[in-house]
Colleague: 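Please see the structure below; I have some questions.
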Amino acid sequence: MNDFYLRVYEVVQQIPYGKVCTYGDIAAFLGAKSSSRLVGYAMNYAHHYDSNIPAHRVVNRNGMLTGKFHFETPTLMQQLLENEGFIIEKDSIQDFDNKRWYPDSLLEEI
DNA sequence: TCACTGACGGGGC
DNA sequence: CGCCCCGCCAGTG
């Protein structure tokens, strides 16, 4: 566990209800554009750090639920997202572009 | 100790 | 277009 992971978790916890973010966006925001893979790895390990991290709100650049098999059940990630109003078909979030949230918006709030 | 494995993404071909 | 390759680096056996 290092600082990069902790910062990933902090960003993920800022994702608003009803919005999603991508691994790449988080990596780029933390100044590690080429380390999007590590963001995914951090999510895999997230529950060891804090079980309240909304890992289901992080998907890949195409809006697909690539991490669904790492939840308690393979359908949990989709269920959580549907509870927040998302429409999902074949592991893909519909109207993805309009549901995205970007970490830069944290800077605008200041 | 070392090799292998990924919740990714961009670039080359 | 689609497919392949590579940077990235903490865990695991």
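Quick note on labels: first sequence line is chain A, next is B, and so on, each numbered from 1.
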Colleague: Please write out which residues are connected to Tyr102(A) in a hydrophobic cluster, directly or through intermediates, given that two of Ile, Leu, Val, Met, Phe, Trp, Tyr count as joined at side-chain heavy-atom separations below 4.5 angstrom.
Modeller: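 In the cluster with Tyr102(A) there is nothing else; it is isolated.
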Colleague: Over how many whole Å does the gap from Asp3(A) atom CG to dC9(C) atom P extend?
Modeller: 14 Å
Colleague: Would you say Gln14(A) and Val11(A) make side-chain contact, with heavy atoms under 4.5 Å?
Modeller: no
Colleague: Find the distance His47(A):NE2 to dA10(C):C1' and express it as a whole number of Å.
Modeller: 14 Å
Colleague: Does a salt bridge link Arg7(A) with Asp3(A), judged by any charged N lying under 4.0 Å from a carboxylate O?
Modeller: yes
Colleague: Measure the distance from CZ on Phe4(A) to P on dA7(B) and round it to the nearest whole Å.
Modeller: 17 Å
Colleague: Suppose we screen for side-chain contact (heavy atoms from CB on, under 4.5 Å). Which residues come up paired with Asn83(A), at least two apart in sequence or across chains?
Modeller: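 Per chain and number, Asn83(A) pairs via side-chain contact (heavy atoms from CB on, under 4.5 Å) with no residue.
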Colleague: Give every donor-acceptor pair under 3.5 Å between a side-chain atom in residues 30-44 of chain A and any protein atom, sequence neighbours left out.
Modeller:
{"unit_1": "Asn44(A)", "atom_1": "OD1", "unit_2": "His70(A)", "atom_2": "ND1", "d": "3.2"}

Colleague: Sequence neighbours left out, what passes side chain to side chain donor-acceptor pair (under 3.5 Å) with Glu82(A)? Give chain and number order.
Modeller: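 If we apply the side chain to side chain donor-acceptor pair (under 3.5 Å) test to Glu82(A), skipping adjacent residues, the hits are Gln78(A).
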Colleague: When you compare the side chain of Gln94(A) with that of Phe86(A), does any pair of heavy atoms fall below 4.5 Å?
Modeller: no
Colleague: Run through the side-chain heavy atoms of Ile, Leu, Val, Met, Phe, Trp and Tyr, join any pair under 4.5 Å, and report what else lands in Ile87(A)'s cluster.
Modeller: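 For Ile87(A), no cluster forms, as it stays isolated from other hydrophobic side chains.
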Colleague: With sequence neighbours excluded, tell me which residues meet side-chain contact (heavy atoms from CB on, under 4.5 Å) with Asn2(A).
Modeller: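 By the side-chain contact (heavy atoms from CB on, under 4.5 Å) rule, Asn2(A) matches Phe4(A), Tyr5(A).
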Colleague: Polar atoms only, N or O, under 3.5 Å: list the protein pairs with nucleotides 8-11 of chain B and their distances.
Modeller:
{"unit_1": "dC8(B)", "atom_1": "O2", "unit_2": "Ser36(A)", "atom_2": "OG", "d": "3.0"}
{"unit_1": "dG9(B)", "atom_1": "OP1", "unit_2": "Gly24(A)", "atom_2": "N", "d": "3.1"}
{"unit_1": "dG9(B)", "atom_1": "OP1", "unit_2": "Arg61(A)", "atom_2": "N", "d": "3.4"}
{"unit_1": "dG9(B)", "atom_1": "OP2", "unit_2": "Arg61(A)", "atom_2": "N", "d": "2.9"}
{"unit_1": "dG9(B)", "atom_1": "O4'", "unit_2": "Ser36(A)", "atom_2": "OG", "d": "3.2"}
{"unit_1": "dG10(B)", "atom_1": "OP2", "unit_2": "Arg61(A)", "atom_2": "NH1", "d": "3.1"}

Colleague: For dG13(C) and dA7(B), measure between their P atoms and round to the nearest Å.
Modeller: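 The answer is 16 Å between these two P atoms.
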Colleague: Can you run down the side chain to side chain donor-acceptor pair (under 3.5 Å) pairs that involve residues 56-67 of chain A, sequence neighbours left out, and say none if there aren't any?
Modeller: His56(A)-Glu84(A), Arg57(A)-Glu84(A)
Colleague: Is there a chain of hydrophobic side chains (I, L, V, M, F, W, Y, each step under 4.5 Å between heavy atoms) that links Trp101(A) to Leu80(A)?
Modeller: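 No, no single cluster joins them.
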Colleague: Name the pairs: protein N/O against N/O of nucleotides 2-5 of chain C, kept only if under 3.5 Å.
Modeller:
none

Colleague: Tell me, which of residues 75-97 of chain A have any heavy atom that sits under 4.0 Å from an atom in DNA chain B?
Modeller: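 Those residues whose heavy atoms fall under 4.0 Å from DNA chain B, taken from residues 75-97 of chain A, amount to none.
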Colleague: What is the nucleic acid contact for Ala46(A), judged by heavy atoms within less than 4.0 Å: base, sugar-phosphate only, or nothing?
Modeller: nothing
Colleague: Restricting to nitrogen or oxygen on both sides, can you table the protein-nucleotides 11-13 of chain C pairs closer than 3.5 Å?
Modeller:
{"unit_1": "dG11(C)", "atom_1": "OP1", "unit_2": "Met1(A)", "atom_2": "N", "d": "3.1"}
{"unit_1": "dG11(C)", "atom_1": "O4'", "unit_2": "Tyr41(A)", "atom_2": "OH", "d": "2.5"}

Colleague: Quick one, Lys68(A) and Asp91(A) - any side-chain contact, counting heavy atoms below 4.5 Å?
Modeller: yes
Colleague: Sequence neighbours left out, what passes side-chain contact (heavy atoms from CB on, under 4.5 Å) with Ser51(A)? Give chain and number order.
Modeller: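 Ser51(A) satisfies side-chain contact (heavy atoms from CB on, under 4.5 Å) with no residue once adjacent residues are dropped.
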